[in-house]
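Here the structure is a predicted model, which is why all the values come from computation and not from measurement. Each residue takes its place number in the sequence, starting with 1.
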Amino acid sequence: MELIKSISPKEWQFVFVLTVIIIVLTSLPYLVGYLKAPNGMMYNGLHALSPGDIPVYYSYINQVASGQFLVKDLFTSELQPFGTFNIWWTIVGLGVRFFHLPIILVFQLFRILMIPVFIFVAYLFISYIFPQALKRKICLIFLFFASGIGFYFAGPVFNLGLADTSIYRWPIDLWIPEANTFNTLYQTSHFIASITLMLLIFLLMLLAFERKRLSYVLLSGILAVVYFNFHPYYIPVIFGALGLYLFVLMLKAKRFLWREAMYLVLVFLISSPSIFYHFWLIQNSEVIAQRAGQNVTFISPPIFVLAGYGWLWLGLILGVVFLRRNRKFSNPFIFLLIWLLVNLALIYSPLPFHSRYTQGLHVILVIFTVAGLFYLRDYLAVKLKPNQFDFLVENPFLLVILFVVLFGPSTLFNLYRDLYFFAAQPKEVKEKFYLSQEVVLAINWLQNQPPGQVVLAGEMPAKFIPGFSGQSVYLAHLHETLFYEAKLPYLIWFFKDNNQDQAKKEFLSKRDINYVFYSDYEKALGSFNPATKDYLRLVFNSGKVQIYQVIKD
């Protein structure tokens, strides 16, 4: 490809060095979390940035590793006649199956392996926009480390009591993995694969429109059928952005562009098996349909979206103004602006996946910001005196300080927050990021039982029982557990006291619960004592953790 040839070996050396830096930075907190595990405890792989879904991914990996390639929702107790084929977690699960490595380790290794892949594709995309090497390099630095000003908002929001997790009143650069590139690279491999595929599909289609290359279209379709299999949320982004861009090209050409329109239709046709597969799943599985209906990913109010990108919004305006003034608003920038508008429309649309549509915004804002800053530099070179220009614009030390203060605080905060948590280990951190070895032993015992068991457990054990044992739980996850809000009172009621034995026996029987997990987490919920119940039989005991089998009539 001509685009690859346009990148010099020195540029690739620069990209390589930054890749190593970003891998080290995003891996360091996980390593510290593992090394600082308290005696008798195991690091569970979570951290402070959106930890809730990671155990769900563990459950997918574990199912594939055990030979089940149609993964089920193990965070709910309802009967599921069939599962879902998820190509990404199948690949990761096969890594566990073939190399016999721990799930948490493989989870991290795939994240690390996907970082260079993303960076290669991202640099190609940047190179398509900017032919100049210096702009490409600066853009890559911004892409890695530039974020919003959520750090400056966090303290006042928290101290004034404005934070409310039920409606996510929090700057998005501090909690949404898709919100910016650093968060994405820090979180999971499938998020990295998602933005990588999005960029690559867009790049190939833009090149196909320009150069009339059918091979690019076919490759885009193949990538899309893979992409939509594990992230169907982005179907409207891909076709919305490309469709509107094609419409603009037609307006500029003042004619219908049949070839380009057929290119887009061809991508849809090639990717349609994945699209229709998800519709088929929803139509034929009550569990999948209900889970899809309650899988609402909220986003913060607009003020926190603005804070989440901070000065990058000003960079967007700066870039648009200078590009128009200099008559450099070429087709690639037109596409980026259309992509931006599509994402913003989807964020507050009736579709329930609001926070997911922040993916890509950071890339767009960074590119416009870098374009604007270079034009601003040329403008100031004319307006300022030479000594003023040298001090304000050509001063590397000042530029680094301004970058850290204006663009870097949230990125640094996200890193520092986890490093502090793992080093200081407040009580809540130990409870959420570590599991006692006795709990792990109990979960391992469950793994050796026949598949298809349902376990009643408190929140923390229930989060990890599916991922480490392959068994289902009654309740564990707001989105994955069907009718979570309706089930939660029953869990609390069951462990609250040591009375109402007949009602509790019927509860266990009617919901086909096979085991009751009993550890410090369950003891904290109330005074229930399973050792005194004739409908429960002790089958595992490690001292502090017991598992009781439900005796059914």
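Under the ring-ring contact (aromatic ring centres under 6.0 Å, His included) criterion, Tyr521 pairs with no residue, sequence neighbours left out. The side chain to side chain donor-acceptor pair (under 3.5 Å) search around Arg377 returns Glu394, not counting sequence neighbours. For Phe268, the ring-ring contact (aromatic ring centres under 6.0 Å, His included) partners at least two apart in sequence or on another chain are Phe239. Scored by the ring-ring contact (aromatic ring centres under 6.0 Å, His included) test, Tyr474 finds Phe507 as partners (sequence neighbours excluded). With sequence neighbours excluded, the residues that form a side chain to side chain contact (heavy atoms under 4.5 Å, CB included) with Tyr484 are Leu475, Leu478, Thr481, Leu488. Looking at residues two or more places apart in sequence or on another chain, you find a ring-ring contact (aromatic ring centres under 6.0 Å, His included) between Phe333 and Phe368. The side chain to side chain donor-acceptor pair (under 3.5 Å) check on Trp313 picks up nothing, with sequence neighbours excluded. By the side chain to side chain donor-acceptor pair (under 3.5 Å) test, Glu480 is found to be paired with Arg291, residues two or more places apart in sequence or in another chain being considered.
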Compile the donor-acceptor pairs under 3.5 Å between side chains in residues 106-113 and protein atoms, sequence neighbours left out, one pair per line.
unit_1	atom_1	unit_2	atom_2	d
Gln108	OE1	Arg111	NE	2.8
Gln108	OE1	Arg111	NH2	3.4
Arg111	NH1	Thr26	OG1	3.0
Arg111	NH1	Leu185	O	2.9
Arg111	NH2	Thr26	O	3.4
Arg111	NH2	Ser27	OG	2.8

Going by atom type alone, with no hydrogens or angles, which donor-acceptor pairs under 3.5 Å involve a side-chain atom of residues 221-233 and a protein atom two or more places apart or on another chain?
unit_1	atom_1	unit_2	atom_2	d
Tyr227	OH	Ser194	O	3.2
Tyr227	OH	Ser194	OG	2.9
Tyr227	OH	Gln359	NE2	3.1
Asn229	OD1	Ile87	N	2.6
Asn229	ND2	Phe85	O	3.1
His231	ND1	Ser194	OG	2.9

Acceptor/donor pairs from residues 304-311 side chains to any protein atom, 3.5 angstrom cut, sequence neighbours excluded:
unit_1	atom_1	unit_2	atom_2	d
Tyr309	OH	Ala179	O	2.7

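Put simply, the side chain of Ser349 gets close to the backbone of Leu351: a donor and an acceptor are under 3.5 Å apart. A side-chain donor-acceptor contact under 3.5 Å links Thr184 to the backbone of Pro177. No donor-acceptor distance shorter than 3.5 angstrom exists from the side chain of Glu286 to the backbone of Glu78, with no hydrogens or angles considered. In this structure, the side chain of His479 engages the main chain of Val296 through a donor-acceptor pair within 3.5 Å.
Relative to the six-membered ring of Tyr420, Arg417 misses at least one condition, a distance below 6.0 Å or an angle of at most 45° to the axis. Remark: Lys36 is not positioned above the aromatic ring of Phe422, lacking an NZ or CZ atom under 6.0 angstrom from the ring centre and at most 45 degrees off the axis. Remark: Lys328 fails to qualify as a cation-pi partner of Phe322 under the 6.0 Å distance and 45° angle criteria applied to the six-membered ring.
Remark: the Trp175 side chain and the Ser300 side chain contain an N/O donor-acceptor pair separated by less than 3.5 Å. A donor-acceptor contact under 3.5 angstrom links the side chains of Thr76 and Lys487, judged on distance only. His354 and Tyr348 share no side-chain donor-acceptor pair at under 3.5 Å.
Leu340 places a side-chain heavy atom less than 4.5 Å from the side chain of Leu316. You'll find the side chain of Tyr58 stays beyond 4.5 Å of the side chain of Pro466, heavy atoms only.
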Is there a side-chain contact (heavy atoms from CB on, under 4.5 Å) between Val56 and His477 once you walk through the steps? CA-CA 9 Å; Val56 178; His477 191 280; 3.7 Å; yes
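Results of the side-chain contact (heavy atoms from CB on, under 4.5 Å) test with Phe407 over Leu402, Val366, Leu312 single out Leu312 as the only residue that passes.
Taking the six-membered ring where tryptophan is involved, the planes of Tyr357 and Phe353 are perpendicular, since the angle between them exceeds 60° and thus also 30°. Taking the six-membered ring where tryptophan is involved, the planes of Trp12 and Tyr123 are tilted, since the angle between them lies from 30° to 60°. A parallel orientation is assigned to the rings of Tyr57 and Trp89, their planes being inclined by less than 30° (bins at 30° and 60°).
Screening residues 363-375 for side chain to side chain donor-acceptor pair (under 3.5 Å), with sequence neighbours left out, gives no hits.
Across all their heavy atoms, Leu525 and Gly458 have their closest contact at CD1-CA, 4.5 Å. The heavy-atom pair separating Phe403 from Ala146 by the smallest distance is CZ-N, 3.9 Å.
More than 12 heavy atoms of other shown residues, nucleotides or ligands fall within 6.0 angstrom of atom CD in Gln132.
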